[in-house]
Amino acid sequence: MTEAGELLALVRELRARAAEGDLQVGPAGAARPAPPKPEPVEPPGLDALKAQVAACRKCPLGAQRLNPVFGVGSPKAQVMFVGEGPGFQEDRQGEPFVGKAGQLLDDILKAIGLSRQTVYIANMVKCHPMVDPSNPDARGNDRPPAPDEIEACRGYLEEQIRLIRPRFIVTLGNVATKALLREELGITRARGVWRELRIEGLEEPVRLLPTFHPAALLRDPSLKRDVWTDMKNLRTELSRP
Ligand code: URA
């Protein structure tokens, strides 16, 4: 190739790379490396949604709880874990799964190379459902969320799913599985079977895997085997491009 030909080829390559955002080409055509793009901390909208949840009074739980429990983890998570609702500890700390069941969830995540920082963890409802809301300091005061409380809160979880766009959702236990799939199938039959969850506004359905709630494993350790099978299954799917 002649010198002029080589120069022309170089200019074409630089233009192509500039078009791909690899390089910036100055006014005189001189190439310089593009400055690193700032990483968004959260996708736009997640912060605003969190503020909406903090002010929410769509059901009575909003006025009863100590702290809203929005969710925790990476806003770019490939997998989202969904539980039923905050308990005593979560209400105090404003973070999901921080009690005994949460510690077990951390161990489960660790066993498949994940962590609370790399996944996203949320609940069907964002406020602590209490048996006796007049006594938030009582222990043993937790209860599952009622159907109308789940419906009042559903839009927030769906918006989290739209903003985070996880590849996979793992529902933890009966309440979250039935509520998200809008089905009456119990967790013992539902667990371990991949499902598809359609969320309005998302083109593709999200693949959903039901498994047992970590609190159920604390009550009955024999369930750990099935959860381990489900987590290995999840790990395999995560490793696929
Ligand atoms: N159980 C849940 O379902 N969610 C929590 O955040 C804690 C316990």
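Ligands are counted one by one from 1 in listed order, and the atoms in each one are counted from 1 as well. When reading the values below, keep in mind they use all heavy atoms of this one structure, side chains included, and skip hydrogens, waters and symmetry mates.
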- request: Examine distances only and state if a side-chain atom of Asn67 and a backbone atom of Gln93 form a donor-acceptor pair shorter than 3.5 Å.
  value: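 Side chain of Asn67 to backbone of Gln93, a donor-acceptor pair under 3.5 Å: no, none is there.
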
task: Keeping the roles fixed (side chain from Asn141, backbone from Asn135), state whether a donor-acceptor pair exists under 3.5 Å.
output: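 Between the backbone of Asn135 and the side chain of Asn141 there is a qualifying donor-acceptor contact (under 3.5 Å).
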
task: Indicate yes or no: at least one non-hydrogen side-chain atom of Arg116 is less than 4.5 angstrom from one of Glu95.
output: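 Yes, close enough: below the 4.5 Å cut-off.
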
message: Which residue is it: Asp106, Val72, Leu172? I am looking for the one with a side chain to side chain contact (heavy atoms under 4.5 Å, CB included) to Phe97.
response: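 It is Leu172, the one option of Asp106, Val72, Leu172 that forms the side chain to side chain contact (heavy atoms under 4.5 Å, CB included) with Phe97.
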
- request: Drop me the distance from Arg65's CZ to Arg92's CZ, to the nearest 0.5 angstrom.
  value: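 Arg65 CZ to Arg92 CZ: 13.0 Å, rounded to 0.5 Å.
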
task: Tell me the residues surrounding ligand 1, counting only those with a heavy atom closer than 4.0 angstrom, sorted by chain and number.
output: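 Lining ligand 1 at under 4.0 Å, by heavy atoms, one finds Gly83, Glu84, Gly85, Glu90, Pro96, Phe97, Asn123, His213.
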
query: Hey, which of Arg165, Glu237, Arg167 is the one that makes side chain to side chain donor-acceptor pair (under 3.5 Å) with Gln78?
result: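 It is Arg167, the one option of Arg165, Glu237, Arg167 that forms the side chain to side chain donor-acceptor pair (under 3.5 Å) with Gln78.
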
